[in-house]
Amino acid sequence: MTLPPRWGVVARDGDDVVVVVTLGDDLVELARERCAPRDWPALAASAPADVRWVWSDTSRWYPQVLAAGTTLRRCHDLRLCHAVLRLSALVDAPDALRAATEWDAAPAEAERAPTLFDLADGAGAEVPDDLASVLAEFHRQQQALADAPAAARLRLLLGIESAGALLAAEMHAAGVPWSRAIHERLLEESLGPRPTPGVHPQRVQELAETVRAALGDPTASLDSQPKLLRSLHRAGVLAQSTSRWELQEYDHPVIAPLLQYKKLTRLASANGWAWLDEWAPDGRFRPVYVPGGVVTGRWASSGGGALQLPRQLRPAVRADDGWMLVVADVAQLEPRVLAAMSGDAALAQAARGRDLYEGIVDSGVVATRQEAKIALLGAMYGATTGDSGRLVPALRRAYPRAMALVDEAATVGEQGGVVTTWLGRSSPAAGAGWRDVQGVAAAPEAAEADRAHARRSARNRGRFTRNFVVQGTAAEWALAWLADLRGELAALPPVEPGADAPASGPVFGRRAHLAFFLHDEIIVHTPAVHAEAVAAAVRRSADRATRLLFGGFPIDFPLDLRITADAGKA
DNA sequence: AATACAAGCGCG
DNA sequence: AAAGCGCGCTTGTATT
C-alpha cells in the first residue's frame, strides 16, 4: 500500500466542470477547482494517482481523458453501480435507490448528440452530471453499502464493474490492431475481387447460377426466404424453413451450393469491404463496448459487431511490427464457475487441471466428451428434450450440488422470484405482464389454454434465472480477471516511441494494452519485449480472480494462452 | 418514406 | 444432431 484511498469527484457546474479531490472515506475536501470543460482532464491527471474518481457515467467523461493522452487508475461509475445496487437482493436499499429514477438512463453515446426523440422516450438519455445530483447519488450508494450485510462482495462487484467501464473506453480508444491487407486477401480468396457497391461478388454470382440450375429455375430469387422456400418445394426439397441446419438434412444437388451461397453472402454483407472501410479504416478496429449491457452483467456491444467477429476473420487481427499479441481464453468458464459457487467438490475435481468434459468422461458419468458437453450445457440452459435432456439425469446423480444450484435457480424463477449472482447482481423482478399471466391461470375458472400459456411462461422464466446465476457469476470472474490484468499492464514500463506515429494513439502506442474482450477471452497487444511478462501477468490475474471470488475452494480456471503475431492461428 | 418485425446467422 | 441461455447485425417483408 502506498497512500490511503482517496476520492475525487468530476461533475458539471453550469457550463464549467468542477473537480473536487477529497481525503479518505470521510469526504473531507482537499481541493476544488472549476475550469472550462476542455481543461478538466489535466486537472484530474495532476491529482494523486490512486484517487478513485466518482462521476456520473464513464462513457460521458473518460473519453476526454484518453483524448488528452492520459489514463486514470480507478473510478466509481455511478450509473453502473446504481444499476447493480437498485436490483441487488444483498442490499436493503432505500426507496430513493430502488425507485426508477433518472439514474436508470441508458449509457451516453459519445459519438451522437441526443435528439428530441431520444429524450422523449428515455432511451439514450443521459444520467444527471451536475455536482449536486452526483454527490446525492454517491451518498445514497455509500449509505446502502454501509447498511448491507454482504457489503464486501458488493464493493468488489462495484469495483470491477467500474474498472470494466474504464477498460471499455480504453479498448475503444486503443482499438484492435487490424490488417486491412489480410482482411482483403481473405475476402478475395472467398468472394473474388471487390465488386462495385450493390453488386454481388463474383463467387456469389457463380454460386447463384449453380443453385438456380440445380433448382431448374433460371429466375429463382435466392435472397427472399418465402420465394426461395417455394422454389425449393418445386424442386422437391420440402423443408419448413431455409435455415442451414434444416436444409443440410436434405440430399439434393441444390443443397451444397445453396449453403455455400448463404455463407458467402453473409460474409460479404456482415464483414465485407464495406465493413472494413467503416470499422477499420486506419488499421484499428474500434468496437463500442457496453459494460453491463446484458442483464446478467455481461458486456454488450453496439456498432461493428464486436461480439460476432467471425473466426474466419481472426487472422486479420495482427500485431504491429515489433509488437505481439497475447491471446488467452478460459476453457469451460461457466461449468467451472458453477462448480465453485455450488461448492461441488466432485465437479471441481473433474475440472482440475484439464479439460472439464474429459474429466466427466473419466469419472464414468457419460461415455464421450461430446455427451459431457451437451449434458452440461443442457443443465445450465434448462434443456428438457433431445440428447441434452436425456443426459442431464446422469449429471444430476454425479454432481448433485451443482445441479441443485441451477435447479433451485430455475424453481425460483418459475415462481416469479429473484436470483442473485455470487457477488450480488440480482435478476430483474418478474414483470407485471408475466404476473398477470400467472394470475389468470391460477383462477379456478381458468381455461386450459391459459394454464398452458402460464406454464410455458413460467418455464421460460425459469430457464432465464437458471442461466442467470451461472452466466452472471462467470461475467464477474471475467471482470475480476480483466480489472487485475489492467493494473498489471499499467505497471509495465513503456517502450521508446517508434519511428512512425503509433496507430494506438498517444496513450497506448508505447505500452501493452488490452485490445479485445469477449466474455471469456482476451487479446493483449504488447511490445514484443514484454510479451512473456504479459503472458505471465495474464495467468497471475486469472489466479487472483479465482482466489478473490472463491477463496480457498479447490477450483482452477486453466487458460489456453498463446503469444503470436496474428490471432488466427489455432 | 419511415418504422417494426421475423428470419437467419455470427459470437460466447 | 439440431433442444436449452445471452447478445448484434443485415436483409426482406409487413405495417403505417
Side-chain angles (χ1 to χ4, degrees), chain A residues 117 121 198 200 221-229 239-250 258-259 261-272 274-275 278-279 287-314 329-335 337-338 368 370-371 373-392 395 406-407 409-410 413 419 421 427-428 456 459-475 477-478 516-522:
Chain A
F117 173 81
D121 76 351
H200 274 321
S221 167
L222 308 186
D223 297 324
S224 159
Q225 289 148 12
K227 290 174 185 168
L228 174 59
L229 199 54
Q240 301 291 307
S241 77
T242 64
S243 65
R244 183 167 57 91
W245 66 264
E246 187 176 353
L247 289 180
Q248 70 188 14
E249 297 305 304
Y250 290 84
L258 178 55
L259 294 181
Y261 174 89
K262 289 160 78 80
K263 192 180 179 66
L264 293 189
T265 50
R266 162 86 193 187
L267 174 64
S269 66
N271 296 101
W275 182 94
E278 183 177 358
W279 288 101
V288 178
Y289 295 97
V290 185
V294 181
V295 279
T296 58
R298 274 187 174 183
W299 289 12
S301 74
S302 115
L307 278 61
Q308 313 150 252
L309 209 57
R311 303 201 73 81
Q312 194 183 355
L313 256 41
R314 296 287 173 97
D329 67 86
V330 193
Q332 304 111 23
L333 173 59
E334 290 190 0
V337 159
L338 173 57
T368 67
Q370 185 62 14
E371 283 184 339
K373 182 175 179 176
I374 287 177
L376 206 41
L377 290 176
M380 292 188 300
Y381 293 166
T384 54
T385 62
D387 284 350
S388 189
R390 184 167 53 76
L391 291 164
V392 169
L395 232 49
V406 287
D407 288 344
V419 296
T421 62
S427 63
R456 195 163 53 246
R459 294 272 159 73
N460 287 346
R461 190 162 190 279
R463 284 195 304 276
F464 165 65
T465 52
R466 169 189 292 271
N467 188 247
F468 181 97
V469 292
V470 179
Q471 187 184 118
T473 303
W477 185 94
F516 188 71
F517 166 53
L518 181 55
H519 307 322
D520 63 359
E521 64 176 298
I522 58 170

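Here is the naming used below: chain letters follow the sequence lines, and residue numbers restart at 1 for every chain. Excluded from the calculations below are hydrogen atoms, water molecules and symmetry mates; all remaining heavy atoms, backbone and side chain alike, are included.
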So what is the 5' to 3' dot-bracket string for DNA chain C, if pairs are Watson-Crick or G-U wobble with both distances under 3.5 Å, crossing pairs use [ ] and | means the partner sits on another strand?
....||||||||||||
What's the [atom1]-[atom2] distance between [X] and [N], to the nearest Å?
| X | N | atom1 | atom2 | result |
| --- | --- | --- | --- | --- |
| A:Leu264 | B:dG8 | CG | P | 19 Å |
| A:Leu228 | B:dA7 | CG | C1' | 12 Å |
| A:Leu258 | B:dG8 | CG | C1' | 12 Å |
| A:Leu247 | B:dG8 | CG | P | 9 Å |
| A:His200 | C:dT10 | NE2 | C1' | 13 Å |
| A:Gln240 | B:dA7 | CD | P | 13 Å |
| A:Glu249 | C:dA1 | CD | C1' | 7 Å |
| A:Tyr261 | C:dT10 | OH | P | 17 Å |

Counting any heavy atom closer than 4.0 Å, what does A:Ser241 reach on the DNA or RNA strands: base, sugar-phosphate only, or nothing?
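Sugar-phosphate contact only - A:Ser241 comes under 4.0 Å of backbone atoms but never of a base.
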Determine the contact category for A:Gly293: base if any of its heavy atoms lies under 4.0 Å from a base atom, sugar-phosphate if only primed atoms, P, OP1 or OP2 are that close, otherwise nothing.
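Here A:Gly293 touches no strand at all.
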Name all residues meeting the side-chain hydrogen bond (donor to acceptor under 3.5 Å, both in side chains) criterion together with A:Trp477; count only those two or more places apart in sequence or in a different chain, and write none if there are none.
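Applying side-chain hydrogen bond (donor to acceptor under 3.5 Å, both in side chains) to A:Trp477 gives A:Thr546.
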In the structure I gave you, are the side-chain heavy atoms of A:Gln471 and A:Val294 within less than 4.5 Å of one another anywhere?
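Yes, at least one pair of side-chain atoms sits under 4.5 Å.
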Sub-4.5 Å side-chain heavy-atom contact between A:Arg466 and A:Asp407
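Yes. Closest side-chain heavy atoms under 4.5 Å.
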Kindly compute the distance separating [atom1] ([X]) from [atom2] ([Y]), expressed to the nearest 0.5 Å.
| X | Y | atom1 | atom2 | value |
| --- | --- | --- | --- | --- |
| A:Glu521 | A:His519 | CD | NE2 | 9.0 Å |
| A:Leu307 | A:Phe517 | CG | CZ | 9.0 Å |
| A:Leu518 | A:Gln308 | CG | CD | 9.5 Å |
| A:His200 | A:Tyr261 | NE2 | OH | 3.5 Å |
| A:Asn467 | A:Ser427 | CG | OG | 12.0 Å |

Which residue lies more 5' along DNA chain C, comparing A:Thr385 with A:Thr296 via nearest heavy atoms
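Per heavy-atom nearest nucleotide, the more 5' residue is A:Thr385.
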With a cut-off of 3.5 Å and sequence neighbours excluded, list every side-chain donor-acceptor pair involving residues 240-247 of chain A.
unit_1	atom_1	unit_2	atom_2	d
A:Ser241	OG	A:Ser243	N	3.2
A:Ser241	OG	A:Ser243	OG	3.0
A:Ser241	OG	A:Glu246	OE1	2.9
A:Ser243	OG	A:Trp245	NE1	3.4
A:Glu246	OE1	A:Ser241	N	3.2
A:Glu246	OE2	A:Gln240	N	2.7

Should we count CZ of A:Arg459 as having more than 12 external heavy atoms under 6.0 Å?
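Not more than 12 within 6.0 Å, no.
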Nucleotide N/O to protein N/O under 3.5 Å, stretch nucleotides 9-12 of chain B:
unit_1	atom_1	unit_2	atom_2	d
B:dC9	OP1	A:Arg244	N	3.2
B:dC9	OP2	A:Arg244	N	3.0
B:dC9	O2	A:Arg266	NH1	2.8
B:dG10	O4'	A:Arg266	NH2	2.9
B:dC11	OP1	A:Arg311	N	3.0
B:dC11	O4'	A:Leu307	O	3.2
B:dG12	OP1	A:Arg311	NH1	2.3
B:dG12	O3'	A:Asp520	OD1	2.7
B:dG12	O3'	A:Asp520	OD2	2.7
B:dG12	N2	A:Arg298	NH1	3.1
B:dG12	N3	A:Arg298	NH1	3.3

Please, which pairs that meet salt bridge (Lys or Arg N to Asp or Glu O under 4.0 Å) have at least one residue in residues 378-392 of chain A, sequence neighbours excluded?
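Non-adjacent pairs meeting salt bridge (Lys or Arg N to Asp or Glu O under 4.0 Å): A:Asp387-A:Arg390.
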Under a 4.0 Å heavy-atom criterion, the protein footprint on nucleotides 11-16 of chain C, written with B, S and -, is SSS---
